[in-house]
Amino acid sequence: MTDLTSLTLAEARDGLAHKTFTSVELTDAHLAAMEGARALNAYVLETPDQARAMARDADAKIAKGEGGPLGGIPLGIKDLFATRDVRTTACSKILGDFKPPYESTVTTQLWRDGAVMLGKLNNDEFAMGSSNETSCFGPVVNPWRREGSDAKLVPGGSSGGSASAVAAGLCLGATGTDTGGSIRQPAAFTGIVGIKPTYGRCSRWGIVAFASSLDQAGPFARTVRDTAILLRSMAGHDPKDTTSVDCAVPDYEAAIGKSVKGLRIGIPKEYRLDGMSSEIDRLWSQGAEWLKAAGAELVEVSLPHTKYALPAYYIVAPAEASSNLARYDGVRYGARVDGNNIVEMYENTRAAGFGAEVKRRVMIGTYVLSAGYYDAYYLRAQKVRTLIKKDFEDCFAQGVHAILTPATPSAAFGIGEKTGADPIEMYLNDIFTVTVNMAGLPGIAVPAGKDAQGLPLGLQLIGRPFDEETLFSLGEVIEQAAGHFTPTRWWG
Amino acid sequence: MNAPVKSVKLIKGATSDWEMVIGLEVHAQVTSNSKLFSGASTQFGGDPNSHVSLVDAAMPGMLPVINEEAVKQAVRTGLGLKAKINLRSVFDRKNYFYPDLPQGYQISQYKSPVVGEGEVQVDLDDGDSVTVGIERLHLEQDAGKLLHDQHPTMTYADLNRCGVALMEIVSKPDIRSSEQAKAYVSKLRTILRYLGTCDGDMEKGSLRADVNVSVRKPGEPFGTRCEIKNVNSIRFIGQAIEYEARRQIGILEDGGTIDQETRLFDPGKGETRSMRSKEEAHDYRYFPDPDLLPLEFSQDFVDQLAAALPELPDQKKARFIGEFALTPYDAAVLVSERESADFYEAVLAALADKARDGKLAANWVINELFGRLNKEGKDIAASPVSSAQLAAIVDLIGEGTISGKIAKDLFEIVWNEGGDPRALVEARGMKQVTDTGAIEKIVDEIVAANPDKVAQAQAKPALAGWFVGQVMKASGGKANPQAVNDLIKSKLGL
């Protein structure tokens with residue numbers, strides 16, 4: 001039955017509909033695969049009992065013809081999403097064994113549509129990281145290895161567990177969140193598809209907040225079509241999140257296979273970095289050629305404020321995080337380390353509960369919001385953000401439908417390779433992705449090739465606000481040309 | 001700012017006269033069913049933590065959603081303060097750690113408040129009136145309550161109040177005495193209660209004030225101020241200001257300087273004491289709350305609220321004076337509490353001829369009813385005499401059926417026994433006698449029985465009053481005093 005885990009989500013959906021197999025069989029196959037892949041550390045919590053119960057329920061509904069768009073499909077859920085009565089920690093010690101008495105809007109919608117929860121997926125602590133090495137549950141291992149090497153590689157982050165699980169066949173799809181690249185970078189590192197939709201497309205209610213103005217949920221899957229299917233269920237207006245946008249959710253899957261003829265694709269010159277590897281450069285040109293061959297028109301565009309995006313991001317995101325994480329104070333839930341008075345209790349709890357990277361960002365955020373520094377840092381970063389947004393608006397106003405860039409400056413790196421003294425090196429991973437969060441735009445990462453060592457590389461397509469459909473159409477063109485990328489199984 | 005200062009408002013120091021400069025930040029709890037950003041109830045007095053939503057408890061991933069009614073209440077209040085309403089305002093986070101603040105920040109409005117500059121007309125006891133400028137009004141969340149007496153070593157947190165909507169109403173530093181400050185808060189409270197935007201219940205903490213006090217020599221620039229936090233009664237506001245101003249004058253006259261600091265008022269000792277200095281002041285790291293979009297509404301939204309606004313005390317007072325010739329003092333007494341004004345309005349509505357008897361009714365409401373209520377320590381809501389009953393009594397006086405004196409007896413009966421005043425007058429024969437025949441008969445009898453007094457009165461007409469008294473007594477007070485007077489004069493040939 002293990003081959004059930006190599007189906008695409010769309011294939012599994014059809015198999016369930018045609019009663020070729022049941023959701024219980026499909027779910028069991030995945031639970032078995034998870035058990036065999038614990039070396040990847042992708043799941044921080046497996047929920048087999050709940051999964052089987054949901055699968056049985058799904059089978060009953062499918063039998064009655066009420067399966068729903070995701071009826072019986074087993075998924076993994078990033079541990080940032082609150083799941084009712086199921087431990088939700090954001091992979092931070094400070095949340096301890098926190099079991100929320102509520103379910104996030106996004107997961108509620110997935111269950112509404114019939115999906116099955118396999119468990120909770122590892123991520124960087126509070127989604128702060130680009131390698132999934134800051135999780136309190138330890139690093140996630142990428143199912144990909146360099147040719148001829150058994151060195152363990154990172155899956156990227158922060159949604160590293162989601163990416164690793166999808167790439168290794170430990171679920172048919174997974175949820176992720178993306179604040180600066182946390183869906184697109186791990187998707188690229190693991191050879192799968194990940195989309196960060198437009199800010200406001202998915203509700204943030206019930207997702208542990210990192211940086212509220214940048215956070216956005218999105219799906220991972222092994223094909224563009226599968227992410228389109230998942231996004232339709234995840235998206236939608238939520239009155240409980242006033243930043244979610246009230247506009248109809250289209251049938252994203254219908255965009256798959258739609259002609260891209262005549263679409264204008266911008267190639268931003270500022271994304272051609274000094275010292276960028278020729279492999280990335282070649283991949284980028286190749287992607288452009290594929291789109292051109294499919295009838296799209298390529299135009300060089302300029303996004304002049306790109307170089308300020310990363311520094312501005314590392315002011316805005318930590319500023320919001322420093323405030324968002326203030327609630328983890330040991331008073332009401334999660335971990336508490338006592339002290340002789342309230343201030344000591346706060347200090348002890350937060351010192352023990354937060355990891356180094358989270359502490360660093362809380363410190364940066366506190367600093368940039370402090371009296372005397374606010375104008376020089378936070379306010380300026382917000383101005384930069386406005387300019388970055390305007391760069392994209394100007395570009396789209398010239399008739400550009402989407403922008404093509406590399407997803408990451410390199411392929412996956414080794415665990416421990418970039419956790420040295422300089423955090424900037426790690427932050428540079430997000431150089432191509434943070435602009436999209438700063439502008440609130442949708443961005444999709446699609447695998448497009450391999451580097452010299454056989455590791456997958458991805459391309460990013462950036463779209464107009466709420467035009468995820470065009471990204472799915474274009475993404476599928478690249479997918480068709482590049483083919484699928486499956487790691488050789490070495491684990492378990 | 002440098003208008004001539006009345007010397008009465010100055011404090012005599014050892015070396016000079018001093019002037020107080022006072023500004024108030026009043027925190028008024030918004031009257032609404034649910035909290036500012038959550039659906040939890042705002043009801044007072046529930047079991048600890050029984051009115052707490054996931055948002056109030058700052059559970060992970062929870063998001064605030066603005067309560068439209070709270071916004072309406074803020075706009076109504078702004079309109080009542082004749083203030084500028086900002087069609088776009090922004091919610092900010094004020095960051096600090098405290099166990100009564102689950103989010104680790106208070107959502108407030110920092111740079112862009114929902115209401116801008118306005119003013120309040122304040123009447124003082126000496127008949128003077130001053131205008132106090134309003135700097136701004138903004139919406140913010142209240143904090144929870146810490147319970148220190150539940151456990152020997154632990155503190156408990158009750159989050160029922162946490163997230164309840166407050167309006168912070170900031171005055172300009174236009175206030176120059178503790179009397180003005182007290183009158184300003186009273187007036188503000190009255191306006192809020194008229195608007196129905198805050199119940200003004202200071203005992204429950206619905207209204208409390210941070211008081212900024214500084215002193216200066218008249219004509220000089222503002223001195224350094226101290227802020228006295230969270231004063232929760234009008235009397236204490238007066239006491240705190242008096243103490244604080246004298247404390248500052250003492251320091252300055254001894255050659256010292258005032259440290260800008262936050263102080264607390266101790267009602268037991270009647271003094272203020274230092275809470276934290278400027279150096280210890282929090283850096284709140286305000287920034288726009290990324291969970292909330294800017295608050296935007298249309299002028300039309302404001303206009304609709306303005307159209308539905310109730311009559312406010314100043315307007316009502318002017319109308320009472322204009323329509324019923326009330327004295328400004330009486331009108332002010334009636335409008336000072338919404339319930340009093342409502343009672344008077346109800347009496348007016350029940351009167352047969354309010355143009356004729358409106359003023360008489362005001363006298364009866366203020367002197368007889370309020371006087372009696374005060375004496376018995378009763379609230380107007382608990383008045384044994386209803387507005388309809390009082391109106392009937394006033395009607396009976398106005399139409400000449402009973403005299404004012406009889407009316408007081410009637411009021412007593414109604415107060416103690418209840419009943420329809422008109423029916424009581426009939427049943428108990430309290431009607432005023434205006435039949436001159438009947439009165440004449442009594443006059444004749446008394447004149448005939450007292451020839452000596454007649455002679456005295458004829459010699460000294462002022463003594464005719466004795467006859468009036470005798471006739472009134474014989475008629476059981478029911479004779480029309482004017483008719484008695486006229487008859488006696490004619491019988492005695494005066």
Tell me yes or no: between the side chains of [X] and [Y], is some donor less than 3.5 Å from an acceptor?
X: Lys78(A); Y: Ser162(A); value: no
X: Arg136(B); Y: Asn86(B); value: no
X: Asp124(A); Y: Thr134(A); value: yes
X: Asp210(B); Y: His27(B); value: yes

[X], part contacting chain B, at a heavy-atom distance under 4.5 Å:
X: Ile342(A); value: side chain
X: Tyr328(A); value: side chain
X: Asp215(A); value: neither
X: Arg204(A); value: both

If you check every heavy atom in residues 46-70 of chain B against those of chain A, which residues fall under 4.5 Å?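 Those residues of residues 46-70 of chain B which have a heavy atom under 4.5 Å from chain A are Leu54(B), Ala57(B), Ala58(B), Met59(B), Pro60(B), Gly61(B), Met62(B), Leu63(B), Pro64(B), Val65(B).
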Are His237(A) and Val245(A) close enough that some pair of their side-chain heavy atoms sits under 4.5 Å apart? no
Measure the shortest side-chain to side-chain distance between Asp79(A) and Leu45(A) over non-hydrogen atoms and say whether it is less than 4.5 angstrom.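 With C-beta onward as the side chain, the pair stays apart.
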Aromatic plane relationship, Tyr286(B) with Tyr284(B) - under 30° parallel, 30 to 60° tilted, over 60° perpendicular: perpendicular
Ion pair present between [X] and [Y], side-chain N to carboxylate O less than 4.0 angstrom?
X: Lys229(B); Y: Glu227(B); result: yes
X: Asp142(B); Y: Arg208(B); result: yes
X: Lys111(B); Y: Asp92(B); result: no

Who among [options] has the most heavy-atom pairs with chain B under 4.5 Å?
options: Ser212(A), Ser323(A), Ala319(A); answer: Ser323(A)
options: Tyr333(A), Phe81(A), Tyr373(A), Tyr374(A); answer: Tyr333(A)
options: Gly372(A), Gly206(A), Ser213(A); answer: Gly206(A)
options: Val368(A), Val331(A), Asn324(A); answer: Asn324(A)

How about [atom1] on [X], more than 12 heavy atoms from neighbouring residues, nucleotides or ligands closer than 6.0 Å, or not?
X: Asn33(B); atom1: CG; result: no
X: Gln43(B); atom1: CD; result: no
X: Tyr110(B); atom1: OH; result: no

Measure Phe97(B) against the heavy atoms of chain A and call it side chain, backbone, both or neither at under 4.5 Å.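 Both backbone and side chain.
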Counting only non-hydrogen atoms closer than 4.5 Å, does Tyr96(B) touch chain A with its backbone (N, CA, C, O), its side chain (CB onward), both, or neither?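 For Tyr96(B), neither part sits under 4.5 Å from chain A.
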Which one, Leu159(B), Asp291(B), Thr153(B), leads in non-hydrogen pairs under 4.5 Å with chain A? Asp291(B)
Under 4.5 Å, heavy atom to heavy atom, which residues of residues 88-99 of chain A contact chain B? Leu95(A), Phe98(A)
Kindly say whether the aromatic ring centers of Tyr377(A) and Tyr367(A) come within a distance under 6.0 Å. yes
Arg76(B) side chain vs Thr197(B) backbone, donor-acceptor pair below 3.5 Å: no
